[in-house]
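Proteins get letters first, then strands, A, B, ... in listed order; numbering begins at 1 in each.
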Protein chains: 4
Amino acid sequence: MILRLRKGFAPEDLNAVQALCAKLHYQSRFLDEERRLLEVCPERGLGGAPDRSLFEDLACVESFVSGNEAPELHLSIPGREETVVSAAGAVFGGGAVSLIAGPCAVEERGRLAEIARAVRASGAVLLRGGAYKPRSSPHSFQGLGEDGLTMLQEVRSEVGIGIVTEVLDPRDVERVGAVADIFQIGSRSMTNAPLLKEVGATKKPVLLKRGQAATLREFLLAAEYVLAGGNSEVILCERGVRGFDDVTRNLLDIGAVAYLKQKTHLPVIIDPSHAAGRRDLVTPLALAGLVAGADGLLVEVHPAPSEVHSDGRQALSLDAFTALAEQARAFINLGGRRLVEPDPAPVSV
Amino acid sequence: MILRLRKGFAPEDLNAVQALCAKLHYQSRFLDEERRLLEVCPERGLGGAPDRSLFEDLACVESFVSGNEAPELHLSIPGREETVVSAAGAVFGGGAVSLIAGPCAVEERGRLAEIARAVRASGAVLLRGGAYKPRSSPHSFQGLGEDGLTMLQEVRSEVGIGIVTEVLDPRDVERVGAVADIFQIGSRSMTNAPLLKEVGATKKPVLLKRGQAATLREFLLAAEYVLAGGNSEVILCERGVRGFDDVTRNLLDIGAVAYLKQKTHLPVIIDPSHAAGRRDLVTPLALAGLVAGADGLLVEVHPAPSEVHSDGRQALSLDAFTALAEQARAFINLGGRRLVEPDPAPVSV
Amino acid sequence: MILRLRKGFAPEDLNAVQALCAKLHYQSRFLDEERRLLEVCPERGLGGAPDRSLFEDLACVESFVSGNEAPELHLSIPGREETVVSAAGAVFGGGAVSLIAGPCAVEERGRLAEIARAVRASGAVLLRGGAYKPRSSPHSFQGLGEDGLTMLQEVRSEVGIGIVTEVLDPRDVERVGAVADIFQIGSRSMTNAPLLKEVGATKKPVLLKRGQAATLREFLLAAEYVLAGGNSEVILCERGVRGFDDVTRNLLDIGAVAYLKQKTHLPVIIDPSHAAGRRDLVTPLALAGLVAGADGLLVEVHPAPSEVHSDGRQALSLDAFTALAEQARAFINLGGRRLVEPDPAPVSV
Amino acid sequence: MILRLRKGFAPEDLNAVQALCAKLHYQSRFLDEERRLLEVCPERGLGGAPDRSLFEDLACVESFVSGNEAPELHLSIPGREETVVSAAGAVFGGGAVSLIAGPCAVEERGRLAEIARAVRASGAVLLRGGAYKPRSSPHSFQGLGEDGLTMLQEVRSEVGIGIVTEVLDPRDVERVGAVADIFQIGSRSMTNAPLLKEVGATKKPVLLKRGQAATLREFLLAAEYVLAGGNSEVILCERGVRGFDDVTRNLLDIGAVAYLKQKTHLPVIIDPSHAAGRRDLVTPLALAGLVAGADGLLVEVHPAPSEVHSDGRQALSLDAFTALAEQARAFINLGGRRLVEPDPAPVSV
């Protein structure tokens, strides 16, 4: 590693670097006369991310100028295969694209089954729906909780469709995991390390949403928490970042999709519904995301968007979702990939 | 118009509203008991944008709650046809998509002709290239100025390709207009009202780039300056907004493309090169923009990106541009639109 | 409440509003001929925040145009007194200003006691220091955990200074609460509802930091989670928001301090250290915050900033902190408030 | 200079570097085995900003890692004295603080004289007021133009107070300069290079406002345009940047004030009125700015804020301005600086 030291660092700053080198058994030498480029390397072995982070924490280290980055687990590097996440018939990555659709929140059992059947018929392989809803206000509807989980479980068996649902609290991971085929970690939880560690200790896929103002580095490091726990099944979900214009609810970062597909071996999907925040823009955003490389979509669908207690403005009608799925299929095929279709016989998942 | 007044406005605030009503010959009445919703309407006629803006400027007016917006010129409203901008063989809007390609800055005559021939052969109908370059630093390369314009004019005749080039200074409009088929107004000039008025007084199409942190309302109002001057040929160009992550140079606002296509009758294009700031992301951004509804692309292309004095990192090679044009053609056709192709016989433009 | 409905809402949207009115026993009537302003009011009683949020969730409701906001618990309204939070000798609000100082993370027992004594001698009434550290990377130093808590407890008794320390995981609330005089909820946890509810169920003061891109409404609603749980002792902490310039680590929102002091009855402090991210700007930011109305400071201090494992670049030296406290005292007095001084006799807290 | 090259640059990238070295008579050598750190130095002399910018433009150059920055004119470096700008009795910098106050736009002659007398009596040494107003919409009030300039000139003589007024168009510089003691360049014009060059060719002080989303580097480079033209009298004005919350109109970057005071030798002022966008927050922002190091204030004042055609919501009343000036005086004195007071005898300026 080559460290670039801050301009005008003090002698005691350098002592701190040397103390750390001694502790970790690293050697060091300056590369330039100004004494701002310092090469440090382990006496044995390769060093790695934990060491790197200790050097990074030193007060006088401005940045790393060396290209030999620590081989973090999320990075796409030679010798690492693309991660393909499969769950309940869905496949994300490796040329396979899957659609996840459903209501924002689970609200009524009959309605949920109706939506599940309809989105399955249109091409969705997984049903989304929140039993636990993260809300800005404690006075807003927080989801049906355990009753919602029960409904999801029943609809899962009845309709034969896998479930993606959010877990908010590390104490709920086991309970939610009994129902979910994929855990959803929402944007508000992207920086919730205890929760990330808890789902990282399971073997169930994790759909991780980007925080509202998270850099892509921070997003990837959140995924790293799950990967470092031993769970390699992470799907990254871009859902728009905080912008300065209220025309859309969030600003879909389409460049992030293209960048993440290069930088990491993990599958990437988008949530055009939360990005747009209005149903009239969901379809163009969804198609743009797929063309930029996304391995799937997470879309809000509701047969009667006007009755919804949470985020009704952005839900597609069933017909609009059917039309979206058809267009998506054509664009995906043109790009040389395939849309994973639901099994025609609704066997139990 | 219905005005929503600020909470707790003072009596003198209301006097100011009434004075304005008297001056403009408007009548007013409160719609609610709280006296916060005030309807104002002209005694004769329809009022309009200039009146609206005077009410908007009053201290106690919080917002307009009425739906009958002033019919600003950029708005897509019933009875207004979609604007189709044509120039030198290019067509933007009405189902036609055109590609503009070329170097960031005009630097060397032979090289410019080579690029022009190559991009024309690959499918571009217009050549871009700056003779006047807006730069952050006065010490950076500012373009070749008049010599650059001369080169553009020579290459235009020689290769038979129309020219898009930037005008920075209202005093240069006539001179640049003698060469350009389309004026480019850069992001740094989006708020330059004297310049917008000057190009608004011509009859030549204007490619207007969104400011780096402009809301879509501000962007549309900049277009309104050109339209209000009597020039109806405006092409809106989304080129990415200022984000908080340096992975991409700017954050391409793909939702803006979809929104603008609904809100306005003007054609919309994207500049994936300045948005990405790195060539490896240009192609996915370009395709995503087209699928979201863009009527064209403005792409930086250079046969030797490493020799470029300005923005070389984001220029596509000639081969990469050829590949992009092919993919673009397929996606445009799948969406039921057509890519405008250069005339096979290089007649003079 | 007066609801402003979206332009062109569909008949079924209106049915949904009326169904909700029926369910909640509200009456409704349109206020305008365009049928976009709908007044809804409860048949009995006052309605309130939970009802409001249900209406807000309806698809066709664009916004509230009425001024009679639900009386949320954090709001400063006539009849509610300013909240003054006291803990271990510190007082925040009601004209009293307190300083909290200490290292970012608890790292070494002797060093911690040294810092505690020094900052106490200079005017700090509370010691800050993290045993559990939220970090972007799982490979970064995560704090000493329970060993850190033990050190804090020992130093608390030994030096006679109260403790502010972060709790990250709802399962740790009891354990951290056994040591902390004030719980710190970090920016990364501002949207962690299970954690907010857990500290809301205690009677211990909560120092709540604003999320990196949280609006002030979202920040206040996070406080509302704690207040709604029955814990009225919340201190709001502005620590800078995500900006687009890397000169400072975050962008200290000084307007937020002034606004929050008006909008809410809760005390407000600032963290100039995380805002600046560099020690040379900490003192001017701290003084600016106090002059804008802040009721306290949370400052990183370390006797040897260059040896620190976390955030050393922004820690003030002991001498610099002493100088800051002196200037702060003078500015606070000039503004007619008082700096709470540590008890000269270091009795046990 | 040491250049850090991009990872995986191509051989032709390096050829371009070497071609540039040959052209400029620089020598080059690699500092590291990875061949990513390249030292380039002029065969004779020191190089400088223009050379640096040419290297920076090369496609394979990622950044500069060397500390020997080109000595740009705005930088505070050893041997350069702090710039003190004086005009019509006002002094900015060198321990002197001046207040500029007045209406947003010049609207009525009698009213303007009244404001001028009142703000002068309260402590303002300069009158602000726009004859040319930059507005988002072409349908909004654009200022009185030449009539406004005439009014300013008359009030200047009559009241004995210097004038700060905006110039928008390079063609108006001479005309505005005949009236203004200080040119104001608004945020929307910060990137208007032709305008900056035009005022840079005069000898009159320039009050340069930061663009709404300009980095501090970009802001300083805009000042560099004026300085490079030979005009050394530049006052930097922080007026808030675009944020994501609409509680304040802009987000006052108080850290920018502290940073700029270190980085540059130029005086720095703030505009708390445009930052806040609401009069109730203007005073705390103004005081915070002064305490953070600002050398002056630019404040909107109007005797009847509710009658104003532009930005009335943020104007202070005359009484509120008097109170602000008194508090400002006390805080400035406590910080060891002095407020420049208007000459008691209203001699002609």
Any [X] side-chain heavy atom under 4.5 Å of [Y] side chain:
X: S189(C); Y: K209(C); result: no
X: R210(C); Y: L216(C); result: yes
X: I185(A); Y: V226(A); result: no
X: L168(A); Y: L195(A); result: no

Using heavy-atom distances under 4.5 Å, tell me whether A19(A) contacts chain C through its side chain, its backbone, both, or neither. neither
Can you tell which part of T215(A) gets under 4.5 Å to a heavy atom of chain C, answering side chain, backbone, both or neither? both
Taking side chain as everything from C-beta outward and backbone as N, CA, C, O, which of these in Q18(C) sits under 4.5 Å from a heavy atom of chain A? Side chain, backbone, both or neither. neither
Give the member of [options] that has the highest number of heavy-atom pairs under 4.5 Å with chain A.
options: N15(C), V61(C), D172(C); value: V61(C)
options: A213(C), A214(C), P194(C); value: P194(C)
options: A193(C), P170(C), A228(C); value: P170(C)

Can you list the steps and then say if T165(A) with Y132(A) is a side-chain contact (heavy atoms from CB on, under 4.5 Å)? CA-CA 8 Å; T165(A) 197; Y132(A) 297 98; over 6 Å; no
